[in-house]
Protein chains: 2
Amino acid sequence: MQGTSMDSKIVNLKSKIEIYKAMTPGANFGDCPVRDVMQGINGKWSPLLVIALAEKPYRFGELRRLVPDISQRMLTQTLHELQRDGYVHREVFPTKPPSVEYSLTDLGRSMFVPLYQLVQWAELHHGMVREARAVFDAQA
Amino acid sequence: MQGTSMDSKIVNLKSKIEIYKAMTPGANFGDCPVRDVMQGINGKWSPLLVIALAEKPYRFGELRRLVPDISQRMLTQTLHELQRDGYVHREVFPTKPPSVEYSLTDLGRSMFVPLYQLVQWAELHHGMVREARAVFDAQA
DNA sequence: CTATGCGCTCTCAAAAAGAGACCAGCACTA
DNA sequence: TAGTGCTGGTCTCTTTTTGAGAGCGCATAG
């Protein structure tokens with residue numbers, strides 16, 4: 001798109017954005033690999049499940065009981081996506097009713113570190129966010 | 001915190017999960033304030049816009065040009081949510097066609113720190129994620 | 001008097017998420 | 001032998017979210 005001119009000011013403006021694009025100049029953000037990865041992490045249930053599995057491996061039913069307000073459909077689907085992206089390992093044990101255990105891979109544990117920092121930030125600041133919302137809603 | 005039975009094993013298992021719930025014992029995750037905050041951060045476009053605004057303030061049209069594959073509707077809506085949650089400040093300048101500038105608040109800059117660490121992780125590891133996907137799709 | 005830029009808002013179609021029924025297999029119970 | 005429950009799912013249907021794009025009020029340019 002504007003890939004031509006770029007005085008140094010614009011280059012500077014775009015540096016962090018370009019990291020998000022992961023240095024693919026012609027691509028738009030829809031194709032961006034970094035956002036692609038972020039989308040996998042950022043799902044509605046993904047962070048919660050990753051945090052759960054960071055504690056220890058869980059079985060399907062255990063996860064369902066641990067996160068009571070997830071539907072089976074979304075639990076299956078989210079675990080499947082996490083497995084596909086390499087964060088989660090799925091192992092089937094041939095017990096009487098076959099049981100399935102989910103655990104974090106090394107990649108998943110690696111990703112958990114910055115993810116959990118963001119969660120900790122959220123824990124520390126959710127009061128401020130709530131207050132900001134209250135102020136905003138009051139004046140609106 | 002949830003003050004009932006719990007052998008230490010279960011307490012240990014749930015510690016990180018409970019942080020995600022932010023210590024509200026009776027609540028399910030749908031009401032969890034931490035996930036509430038995470039949802040605001042984790043939108044499809046939110047991280048990208050926060051990263052852009054971490055560079056410098058932008059005007060509406062500039063953001064639209066910077067992120068070509070966002071629809072106007074989602075840009076308006078995402079900025080509105082970011083403003084409501086206190087991450088973004090919106091200032092209208094009474095110029096001839098009135099222009100609107102968006103900038104990060106202190107809260108937004110604070111949130112940007114862990115968010116950007118996650119983005120940097122994604123930049124470093126998106127190759128591994130892609131490889132994991134290829135392996136998974138090949139065997140499936 | 002058209003034409004364009006600005007910052008939206010509205011409508012409508014498509015995609016994603018949620019609720020919950022259903023399923024096959026095995027064990028235990030009556 | 002039929003009934004019940006537990007396992008990890010899939011299938012269908014409804015609701016919510018997202019995306020594409022037209023329209024709008026205002027103002028300046030030509």
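Residue numbers start from 1 in every chain, and the chains themselves are labelled A, B, ... in the order their sequence lines are given, proteins ahead of strands.
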**Sequence neighbours excluded - ring pair (Phe, Tyr, Trp, His ring centres under 6.0 Å) pairs with any residue from residues 86-111 of chain A** = none
**Request:** Kindly write out the residues that satisfy salt bridge (charged side-chain N to carboxylate O under 4.0 Å, His left out) with Arg64(B), not counting sequence neighbours, or none if the list is empty.
**Result:** none
**Message:** Please confirm whether the shortest side-chain N or O distance from Lys44(B) to OP1 or OP2 of dG19(D) is below 4.0 Å.
**Reply:** yes
**Asked** Can you check the Phe93(B) CZ to dA27(D) C1' distance for me, whole Å?
**Response** 19 Å
**Request:** Keeping to residues at least two apart or across chains, list the salt bridge (charged side-chain N to carboxylate O under 4.0 Å, His left out) pairs with something in residues 109-122 of chain A.
**Result:** Asp106(A)-Arg109(A)
**Request:** Go through the structure and list residues passing salt bridge (charged side-chain N to carboxylate O under 4.0 Å, His left out) with Arg59(B), not counting sequence neighbours.
**Result:** none
**Message:** Counting only heavy atoms and a strict 4.0 angstrom limit, can you tell me which residues of residues 73-82 of chain A come near DNA chain C?
**Reply:** Arg73(A), Met74(A), Gln77(A)
**Fill in**
On DNA chain C, more 5' by nearest nucleotide between Arg90(B) and Gly43(A) is Arg90(B)
**Request:** Return the nearest nucleotide to the side chain of Arg65(B); candidates are dC6(C), dG19(D), dG8(D).
**Result:** dC6(C)
**Asked** Rounding to a whole Å, what distance do you find between Asp69(A):CG and dG18(C):P?
**Response** 9 Å
**Message:** Does Arg59(A) reach a base, just sugar-phosphate, or nothing at all? Heavy atoms under 4.0 Å.
**Reply:** sugar-phosphate
**Request:** Could you tell me the separation between the CZ atom of Arg64(A) and the C1' atom of dT7(D), rounded to a whole number of Å?
**Result:** 9 Å
**Asked** Hey, does Tyr102(A) reach any base, or is it just sugar-phosphate, or nothing, if we go heavy atoms under 4.0 Å?
**Response** sugar-phosphate
**Asked** Between Glu62(A) (CD) and dT7(D) (P), how many Å, whole number?
**Response** 9 Å
**Item:** Trp45(A) backbone acceptor or donor facing Thr78(A) side chain under 3.5 Å
**Value:** no
**Item:** Protein-nucleotide distance (Leu66(A), atom CG; dG8(D), atom P), rounded to Å
**Value:** 14 Å
**Message:** My understanding is that only residues two or more places apart in sequence, or in another chain, count here; which of them pass ring pair (Phe, Tyr, Trp, His ring centres under 6.0 Å) with His125(B)?
**Reply:** Trp121(B)
**Asked** Has Trp45(B) got a side-chain N or O lying under 4.0 Å from the OP1 or OP2 atom of dG19(D)?
**Response** yes
**Complete:** Rounded to whole Å, the CG-P distance (Leu63(A) to dG8(D)) equals 9 Å
**Request:** Check the distance between dC24(D)'s P and Phe60(B)'s CZ and give it to me in whole angstrom.
**Result:** 18 Å
**Prompt:** Would a distance-only check, ignoring hydrogens and angles, find a side-chain to backbone donor-acceptor pair under 3.5 Å from Ser46(B) to Asn42(B)?
**Reply:** no
**Asked** How close or far is atom C1' of dT16(D) from atom CD of Gln39(B), stated in whole angstroms?
**Response** 13 Å
